[in-house]
Amino acid sequence: MAREGSVYRCQECGFAALKSGTCPDCARQGNYIQLVEERQGTAKGRRASTQPGSAPVRLADVSVEAGERTLTGVGELDRVLGGGVVRGSLVLIGGDPGIGKSTLLFQTSRALADLGAPVLYVSGEESAAQVKLRADRLGISPAELYLLAETNLEEIEAHTVSLKPRVLVVDSIQAVYLPDLESAPGSVSQVRECGGRLMLLAKRTGVATFLVGHVTKEGALAGPRVLEHLVDTVLYFEGERHHSYRVLRAVKNRFGSTNEIGVFEMTERGLAEVKNPSEFFLSERPQGAPGSVVVSSLEGSRPLLLELQVLVSPASFGTPRRTVLGMDYNRACLLLAVLEKRLGFPLQTQDAFVNVAGGARVVEPAADLGLIVAAASSYLDRPVKGNIVIFGEVGLAGEVRAVAGLEARLREAAALGFAGAMVPRNNLLPGAPLPLEVHGVGSIDEAIQVLLGT
Ligand code: TYD
Ligand code: MG
């Protein structure tokens, strides 16, 4: 019988009910989990401890301590964090298993410890010996780096309080558990509760904390996703498994912008920072090949030059094939349709394959014009004239529209030795000095005439 005033909670998903029984939320997925009566006093007790003597203060009276940030020594990570890691902050790093999260945080720990800041690296998945093997592969380990192979969160808290490190790394949040909870490590209730406890620990002790969270293949982010609202910063570490480059992207940041990206390359000896990603992505570009163009993609304040390739070839029968790697499939199909309708390229009889070289991704419409030019170049089997970068958004009428960040894009192109750029005419201001020769166009017709000489 349900008692008056009691609350029942599912240990698995946290569903709260006023009556005992099975959890309706879990039952829907075929798990008949019993609701457990919430212990009286836990909720109240917790509330009291999180807010010791809290009282409203005037905003103007709130003091911000200077020097709150610590540079990690890994420049690309510092950039994404917004200039180093903030004291007492909780940072979640999510990503596919095997993408390099442990490697990244281990290297960061080493770099921090090298700078004299004590770091506690808690490994819940690998034994101390395994971590040591990785460390040996990456080079010598500094004295201020402490290792703890532990999954019991209460132990981790105790060690953190006694060691007082500058930075704590918990690898991973799915591996740690609180013995008080009945559910298994990695379950939603464990992840949520452990995340909450680590947040309190970070705020109370001022230890900056990094949490590793695995994202499952299906995109069911049961683990890390439940923490996103709680933590200060969420970073995702992404990349194609078969390509060596990795991108670190902020999706939430209470202490900085979410536009910045960090680029790394996975090497034999760990992750190397890629200071000049454009150079990296263009390193294998063929010269004078039809269907290959260089486009500019702006990620935050960082312009990336990428090689976009299109292969157009006669379709053998039926519906022509469209295969798109590295950009949005629907966008690519739309642009091919614009090329067909506006300029009469008979693409309905042609297969088209689109690829961004190096396993990179373009998420910006600024690559539109590049795709159109590359498709036309491949169809005509004629390479694009000159050593140039192409960018501009293309509309359904075949018009070329202005894009943001003209100057940053041009500067990057000039820095990499490009002779010129084709840009939207509407982006050009009369008389503005430009770092390289620029050709403004208003339509795809114009662009193709200039670049392919039709
Ligand atoms: P890891 O950091 O363990 O991934 P995660 O913690 O995200 O699961 O990295 C796993 C992969 O990285 C592994 O397949 C091997 C590769 N790797 C290298 O290529 N070079 C290296 O120096 C290291 C340490 C790992
Ligand atoms: Mg790992």
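Owing to the predicted nature of the structure, the values given are computational and were not obtained by experimental measurement. Order of listing sets the numbers, starting from 1, for every ligand and every atom in it.
- At most 12 heavy atoms of other shown residues, nucleotides or ligands fall within 6.0 angstrom of atom CD in Glu279.
- Not one N or O of Leu104 is nearer than 3.5 Å to an N or O of ligand 1, by distance alone.
- Per-residue contacts place Arg134 under 4.0 angstrom from the following atoms of ligand 1 (heavy atoms of the residue considered): 1 (P), 2 (O), 3 (O), 24 (C).
- Listed by atom number, the atoms of ligand 1 under 4.0 Å from Pro97 heavy atoms are 8 (O).
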Exercise for review: Applying side-chain contact (heavy atoms from CB on, under 4.5 Å), run through Arg322 and Leu336 and close with a yes or a no.
Suggested key: CA-CA 10 Å; Arg322 301 282 183 254; Leu336 293 171; 3.6 Å; yes
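- Ranking the protein heavy atoms by distance from atom 8 (O) of ligand 1 puts Gly98 N, 2.7 Å first.
- A donor-acceptor pair under 3.5 Å is absent between the side-chain atoms of Ser187 and the main chain of Ser183, judged by distance alone.
- For Glu407, the CD atom counts as loosely surrounded, since its 6.0 Å shell holds 12 or fewer non-hydrogen atoms of other residues, nucleotides or ligands.
- If you look at Arg137 next to ligand 1, the close heavy atoms, those under 4.0 Å, all belong to the side chain.
- Here Thr103 fails the criterion, with no N, O or S atom under 2.8 Å of the Mg ion (ligand 2).
- Thr267 counts as a contact of ligand 1, since one of its heavy atoms falls under 4.0 Å from the ligand.
- At a cut-off of 3.5 Å, with distance as the only test, no side-chain donor of Thr72 or Thr108 sits close to an acceptor on the other residue.
- Every atom of ligand 1 is numbered from 1 in the order shown, and the set under 4.0 Å from a heavy atom of Thr103 is 1 (P), 2 (O), 9 (O), 24 (C), 25 (C).
- Put simply, the side chain of Asn427 gets close to the backbone of Val403: a donor and an acceptor are under 3.5 Å apart.
- Remark: atom 15 (C) of ligand 1 lies closer than 4.0 Å to no protein heavy atom.
- Heavy atoms of Met266 found under 4.0 angstrom from ligand 1 belong exclusively to the side chain.
- Defined by atom type and a distance below 3.5 Å, a donor-acceptor pair is missing between the side-chain atoms of Thr233 and Arg254.
- Around atom 4 (O) of ligand 1, the closest heavy atom drawn from Gly100, Gly95, Ser244 belongs to Gly100.
- Relative to the ring axis of Phe391, Arg409 places its NZ or CZ within 45° and under 6.0 Å from the centre.
- Contacts between Ser102 and ligand 1, counted as non-hydrogen atom pairs separated by less than 4.0 Å, involve both the backbone and the side chain.
- Short contacts between ligand 1 and Gly270, defined as distances under 4.0 Å to a heavy atom of the residue, involve ligand atoms 20 (N), 21 (C), 22 (O).
- Under the 30°/60° scheme for interplanar angles, the aromatic rings of Phe264 and Phe237 are found to stand perpendicular.
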